[in-house]
> 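Take a look at this one; I'll ask things after.
Letters go in sequence order (proteins before strands), and every chain restarts at 1. Basis for what follows: all heavy atoms, side chains included, without hydrogens, waters or symmetry-related copies.
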Amino acid sequence: MKKLKFQQQFNLNYSLNCGQTFNWTNQDDCWYGVIKNDVYCLKQDDNVIYIDSTDSDCINTMKKYFRYQDNYELIISCISLDPFIQTAIQNFSGLRLIRQDPWECTLSYLCASNTNISNIRKMLDNLSKKFGNRLTFHDKQFFTIPSPSTLSNAYLSDLIKCKVGYRAKYIKRSAVFIDQNSYIFDELKIMNLINARKKLSDSCEMFGVGPKIADCILLFSHDMLDSFPIDTRILQTIKQYYRYLLDPEMYKIQNDKSTLTSYQYEYLSKIMIDYFGPYAGYAQEFLYCQYGLSDKFTR
DNA sequence: CAGGTC
DNA sequence: CCTGG
């Protein structure tokens, strides 16, 4: 058992359970999760997390994963721009963005279209059980998230057995592409958000990745903290609390339930990033959680 | 109808 | 569109 003390605010539950990541489970008063080929068991006490893991370098892995180096207080002060987000920040104080592995993040969000969090968890769990490697820890079974090469060789029919539905072809095609072109993740890291999003969502090789999922991948696994993914919850939040930031012409266009056009998506994204600034992604996560309070929180 | 996309 | 509530 090792320990990691955070100098600034940190809340493990919020960070793992706010819909950024989908393969952690709370069992026996401990958060269990798999990252790459290792199992981690985490508990929090004050600002310390206790770590039990198969990873001998788990302290450093966790420092990276929970963005230990981020200046949390600075970030919070940068985004505390109005009473609504201030409430969200108070309600979820200690929530941190997580730095995920690019492929694991991509696969998770390929599963995330047009469904709910509990179903995303099930899809990922099914994929891991069927295609991942089995690990044993604390007498429990865990499974790694399957690699691009494994999934690129999978039969579509076996993917469909994992209950991913129409996403099976997205997963298969993206896995084939990433297996052959894993360098794309390194290329993205040195691009700016706009170009990186375009590269991901316009690429017909990354089938199933549109602007929203691209923004999630860039925020959660490419250190683009300005990325502000706009999903249904965030769209509702913008309409309710940030409508005054929008050009009235633009507001008129999206008053129904249909999906945003890419033009509308890019417009809204720009407005919100201009407003919240370089750490807009942190703001997005607080707003996402806050919406969960005012609604049936499925998890 | 749910953290969209083709 | 798949699928589950």
Side-chain angles (χ1 to χ4, degrees), chain A residues 14-24 88 92 95 97-98 100 104-127 130 154-177 197-221 227-240 254 256-266 268-269 272 280-299:
Chain A
Y14 295 153
S15 303
L16 291 180
N17 206 19
C18 64
Q20 302 182 69
T21 173
F22 308 100
N23 65 336
W24 289 86
F92 295 95
L95 168 65
L97 286 176
I98 283 173
Q100 303 179 36
E104 295 189 359
C105 186
T106 301
L107 182 62
S108 303
Y109 282 92
L110 280 171
C111 295
S113 75
N114 201 25
T115 186
N116 53 46
I117 291 185
S118 77
N119 207 26
I120 300 168
R121 294 188 115 95
K122 277 181 204 152
M123 289 188 263
L124 256 190
D125 194 46
N126 294 338
L127 288 168
K130 191 158 185 64
Y155 290 111
L156 217 50
S157 55
D158 285 334
L159 289 171
I160 289 170
K161 283 181 193 154
C162 298
K163 304 290 184 187
V164 296
Y166 62 84
R167 303 165 190 80
K169 54 187 180 296
Y170 301 166
I171 292 169
K172 167 92 180 174
R173 246 170 100 164
S174 297
V176 169
F177 179 64
R197 177 207 289 149
K198 187 167 298 187
K199 176 150 181 136
L200 273 177
S201 62
D202 286 358
S203 164
C204 41
E205 309 292 350
M206 291 295 282
F207 205 50
V209 177
K212 188 271 172 179
I213 289 179
D215 277 351
C216 288
I217 294 171
L218 296 170
L219 177 59
F220 300 134
S221 67
S227 175
F228 189 89
I230 300 171
D231 54 50
T232 50
R233 291 189 185 193
I234 295 298
L235 182 58
Q236 295 311 312
T237 303
I238 292 173
K239 285 183 186 175
Q240 263 195 55
Q254 23 100 37
D256 54 44
K257 287 170 206 134
S258 62
T259 320
L260 296 171
T261 64
S262 69
Y263 178 72
Q264 291 170 327
Y265 186 97
E266 285 161 24
L268 289 175
S269 165
M272 299 312 286
Y282 264 96
Q284 191 270 7
E285 212 49 34
F286 282 106
L287 296 177
Y288 183 82
C289 289
Q290 181 66 23
Y291 186 92
L293 289 182
S294 61
D295 211 65
K296 52 196 171 172
F297 204 4
T298 49
R299 75 172 195 89

> Rounding to an integer number of Å, can you tell me how far Asn119(A) CG sits from dG4(B) C1'?
14 Å
> When the ring planes of Phe92(A) and Tyr14(A) are compared, do they come out parallel, tilted or perpendicular, using 30° and 60° as the limits?
perpendicular
> Check Lys161(A) with Asp158(A), please: is the shortest side-chain N to carboxylate O separation under 4.0 Å?
yes
> Under a 4.0 Å heavy-atom cut-off, which of residues 164-174 of chain A touch DNA chain B?
Tyr166(A), Tyr170(A)
> In whole Å, what is the span from the CG atom of Leu110(A) to the C1' atom of dT5(B)?
11 Å
> Please classify the nucleic acid contact of Lys212(A) as base, sugar-phosphate, or nothing, using heavy-atom distances under 4.0 Å.
base
> How about Arg167(A) and Thr115(A): does a side-chain donor come under 3.5 Å of a side-chain acceptor?
no
> Out of curiosity, Leu219(A) CG to Tyr282(A) OH, how far, rounded to the nearest 0.5 Å?
9.0 Å
> To the nearest Å, give me how far apart CG (Asp215(A)) and C1' (dG4(B)) are.
13 Å
> Under 4.0 Å from any heavy atom of chain A: name the first and the last nucleotide of DNA chain C that qualifies, 5' to 3'.
dC1(C) to dG5(C)
> Out of curiosity, Arg197(A) CZ to Ser269(A) OG, how far, rounded to the nearest 0.5 Å?
4.0 Å
> Given that Met206(A) and Thr115(A) both sit by DNA chain B, which one's nearest nucleotide is further toward the 5' end?
Thr115(A)
> Can you confirm whether Lys169(A) is buried at NZ, in the sense that more than 12 heavy atoms of other residues, nucleotides or ligands lie under 6.0 Å from that atom?
yes
> Who is the Watson-Crick or G-U wobble partner of dC2(C), with both distances under 3.5 Å?
none
> Counting distance only, does the side-chain N/O of Glu266(A) pair as donor-acceptor with the main-chain N or O of Pro211(A) below 3.5 Å?
no
> How long is the span from the CG atom in Leu159(A) to the OH atom in Tyr170(A), to the nearest 0.5 Å?
14.0 Å
> Whole-Å distance between dG4(B) P and Ile234(A) CD1?
11 Å
> With respect to the side chain of Asn114(A), which nucleotide from dT5(B), dG4(B), dC6(B) is positioned closest?
dG4(B)
> Which sits closer to the 5' end of DNA chain C, Ser113(A) or Lys122(A), going by the nucleotide each is nearest to?
Ser113(A)
> For Cys204(A), report the nucleic acid contact type (base, sugar-phosphate, nothing); a contact means any heavy atom under 4.0 Å.
nothing
> Rounded off to whole Å, could you give me the CD1-to-C1' distance for the Ile213(A) and dA2(B) pair?
13 Å
> Calculate the interatomic distance between Asp202(A) atom CG and dT5(B) atom C1'; express it in whole Å.
13 Å
> State whether Ser201(A) places a side-chain N or O below 4.0 Å from either non-bridging phosphate oxygen (OP1 or OP2) of dT5(B).
no
> Side chains of Thr232(A) and Tyr291(A): closer than 4.5 Å at any heavy-atom pair?
no
